[in-house]
Amino acid sequence: METILVKIDEESPDLDAIARAGEIIKKGGLVAFPTETVYGLGGDALNPDSSRKIYAAKGRPSDNPLIVHICRWEDIYKIADPVPEAAKKLADAFWPGPLTIILNKTDLVPKETTGGLDTVAIRFPVDKTAQLFIEAAGGFVAAPSANVSGKPSPTLAQYVAEDMDGRIEMILDGGEVGIGLESTIVSLTGDEPIILRPGYVTKEMLEKVLHKVDVDKTILDMNCHERPLAPGMRYKHYAPKGDLTIVEGSLDAVTEAICQKSCAAKATGEKVGIIATDETVSRYEKNSRADSIKSVGSRTDEDAVGHSLYRILREFDDEEVTVIYSESFSDSGFGQAIMNRLLKAAGHHVETV
Ligand code: AMP
Ligand code: MG
C-alpha cells in the first residue's frame with residue numbers, strides 16, 4: 001500500500017485533502033492525523049473491520065481499547081448511555097481539549113473498538129485539523145496514538161511515517177503537536193471519578209469541577225503490582241531503543257552521577273544519550289563525554305518538558321543511542337503525566353543517588 005502524506009496548514013486547511021481523508025475512513029481505510037496531544041491513527045469507530053485494521057497496523061494487542069474521537073458534544077449521546085451530569089460538567093470545562101472520558105457504551109459502538117469492554121473512551125479534540133477530519137469521516141473516529149505498539153507516541157508526522165509507511169492510506173501532516181503527551185483519561189463508570197492515565201488536564205483541574213477525583217494507584221507507585229484499570233497501561237510503552245535509566249536525587253548529585261555513569265558507559269563502547277534540562281546541560285557538555293545531550297527545556301516549565309520528551313526519545317532512536325540517562329522531574333500537576341511516561345519508557349528503571 002502506498003501511504004500519501006499531505007501537509008495541512010491549520011490556519012488555512014486544504015479542505016479537499018481533508019475530504020479525501022474522510023472518504024478513506026468511510027470506506028474502511030486508515031488515516032493518521034494531528035491532534036493537540038500526539039498524532040492519532042484513525043479509522044471508523046463504528047466499523048469493526050476498521051478497528052481490526054488499526055490493531056494490525058500498530059501491532060497492538062486487541063484487548064487494548066481505542067479512544068473514539070468526536071467533533072460535536074451532542075454526538076456523545078449516540079455512543080454513551082447513560083451520560084451522567086459529571087460528564088456534562090467535564091465537557092463544559094475541558095472540551096474540546098486533551099481529556100478522554102470513559103462511559104458505558106451504546107450498541108452502536110462495536111466491541112472491536114472497545115477491546116471487548118462495555119465501556120467506551122471518548123474525546124473531543126481541540127485541534128482544528130482533527131475536528132475537520134473527524135467531521136469529514138462521519139463523526140466517530142477511533143484513534144490510538146499513531147506509533148507501532150511500544151514505541152514513543154509520534155509528535156511529528158515524520159515519526160508517523162517512520163512507523164506507518166505502507167501500512168495506512170494517508171497521513172495528514174499538521175506539523176509538531178502542541179502538548180506532546182497523550183490525553184488525561186478519567187473514568188465515570190464507577191462510584192467515584194477516577195484518573196486512569198494522567199495528562200495535561202491534572203487532578204487539581206478536574207477537582208475544581210468534580211470535587212473529588214481518585215487516581216489509579218498504579219500510576220506513580222513503582223512498587224504497586226496491581227493491574228492498572230486502563231488496559232493499555234499494562235503494556236510496555238513509549239520505549240526508546242536505547243536502555244533508559246532515570247536518576248533521581250538532589251540536582252547536583254544527579255548531574256554528577258549521570259556524568260560518572262556516562263563516562264563508564266563510554267568506556268565500554270556504548271553510545272550515550274542524556275536527557276538534560278536548561279539548568280544542567282552545560283555541566284554534561286563539560287563532564288559526561290556523552291554522544292548526545294538534549295535539553296527538554298527549563299525544569300520550571302513543565303509544558304516544555306512534556307512537549308519535547310517523546311521527540312527527544314525518537315531522536316535518540318534516529319541517532320542509534322544505546323544507553324540513555326535522564327534526570328527525574330517533579331510529579332505534581334502536569335509533572336505526574338511526564339513522570340508516568342518517563343517511568344514506563346524506562347521500564348521503571350530508577351536509580352536514587
Ligand atoms: P492510546 O490510544 O494509544 O492513547 O491508548 C488509549 C488508552 O485508553 C489505552 O491506555 C486504553 O487502555 C485506554 N482506554 C480506552 N478505552 C478504555 C476503556 N473503555 N476503559 C479503560 N481504558 C480505556
Ligand atoms: Mg498509545
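Every number for a ligand or one of its atoms is a count from 1 in the order of the listing.
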Peer 1: Starting from atom 17 (C) of ligand 1, which protein heavy atom do you reach first, and at what distance in Å?
Peer 2: P65 CG, 3.3 Å
Peer 1: Hey, does the side chain of E285 reach the backbone of I293 with a donor-acceptor pair shorter than 3.5 angstrom?
Peer 2: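 Between the backbone of I293 and the side chain of E285 there is no qualifying donor-acceptor contact (under 3.5 Å).
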Peer 1: So, does K53 use its side chain to make a donor-acceptor pair with the main chain of G28 at under 3.5 Å?
Peer 2: yes
Peer 1: Would I76 and L117 show up in the same hydrophobic cluster when neighbours are defined by side-chain heavy atoms closer than 4.5 Å?
Peer 2: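 Different hydrophobic clusters.
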Peer 1: Under 4.0 Å between a Lys/Arg side-chain N and an Asp/Glu carboxylate O for K27 and E169?
Peer 2: no
Peer 1: Is it true that some N/O/S atom of S153, main chain or side chain, lies under 2.8 Å from the Mg ion (ligand 2)?
Peer 2: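 No, since none of the N, O or S atoms of S153 sits under 2.8 Å from the Mg ion (ligand 2).
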Peer 1: In ligand 1, which numbered atoms sit nearer than 4.0 Å to a non-hydrogen atom of I185?
Peer 2: 7 (C), 8 (O), 13 (C)
Peer 1: Go through the side-chain N and O atoms of T100 and S183 and say whether any donor and acceptor fall under 3.5 Å apart.
Peer 2: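 Judged by distance alone, the side chains do pair up.
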Peer 1: Which ligand 1 atoms, with their elements, are less than 4.0 angstrom from a heavy-atom of N64?
Peer 2: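 Those atoms are 9 (C), 11 (C), 12 (O).
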Peer 1: Any side-chain to backbone donor/acceptor pair from N147 onto K151? Under 3.5 Å, distance only.
Peer 2: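 Checking the backbone N and O of K151 against the side chain of N147, a donor-acceptor pair under 3.5 Å is found.
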Peer 1: Would you say R197 has any N or O atom under 3.5 Å from an N or O of ligand 1, going by distance alone?
Peer 2: yes
Peer 1: With a cut-off of 4.0 Å, which atoms of ligand 1 are near a heavy atom of A121?
Peer 2: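 Listed by number with element: 15 (C), 16 (N), 17 (C).
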Peer 1: Which residue owns the protein heavy atom closest to atom 21 (C) of ligand 1, what's the atom, and how far is it?
Peer 2: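 Nearest protein contact, heavy atoms only, for atom 21 (C) of ligand 1 is I102 CD1, 3.3 Å.
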Peer 1: Among all protein heavy atoms, pick out the one at the shortest distance from atom 12 (O) of ligand 1; state its residue, atom name and that distance to 0.1 Å.
Peer 2: G232 N, 2.6 Å
Peer 1: Return the orientation label for the F133 and F33 ring planes: parallel under 30°, perpendicular over 60°, tilted otherwise.
Peer 2: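 Ring orientation, 0 to 90° scale: tilted.
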Peer 1: Any donor and acceptor pair, going by atom type alone, linking the side chain of S308 with main-chain N or O of V296 inside 3.5 Å?
Peer 2: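 Checked: pair present.
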Peer 1: Could you tell me the residue and atom name of the protein heavy atom closest to atom 2 (O) of ligand 1, and the distance to it rounded to 0.1 Å?
Peer 2: P144 CA, 2.9 Å
Peer 1: Does any N/O atom on T119 come nearer than 3.5 Å to any N/O atom on ligand 1?
Peer 2: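 Looking only at distances, the answer is yes, because the N/O contact criterion of under 3.5 Å is met.
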Peer 1: Can you list the ligand 1 atoms lying under 4.0 Å from a non-hydrogen atom of L117?
Peer 2: 18 (C), 19 (N), 20 (N)
Peer 1: Looking only at protein heavy atoms, which one is nearest to atom 5 (O) of ligand 1, and what is the separation?
Peer 2: R60 NH2, 3.3 Å
Peer 1: Mark the output for K105 as yes if a heavy-atom distance to ligand 1 is under 4.0 Å, and as no if none is.
Peer 2: no
Peer 1: Should you measure from each heavy atom of L196, which atoms of ligand 1 turn up under 4.0 Å away?
Peer 2: 21 (C)
Peer 1: So, T184 side chain and G199 main chain: donor-acceptor pair closer than 3.5 Å or not?
Peer 2: yes
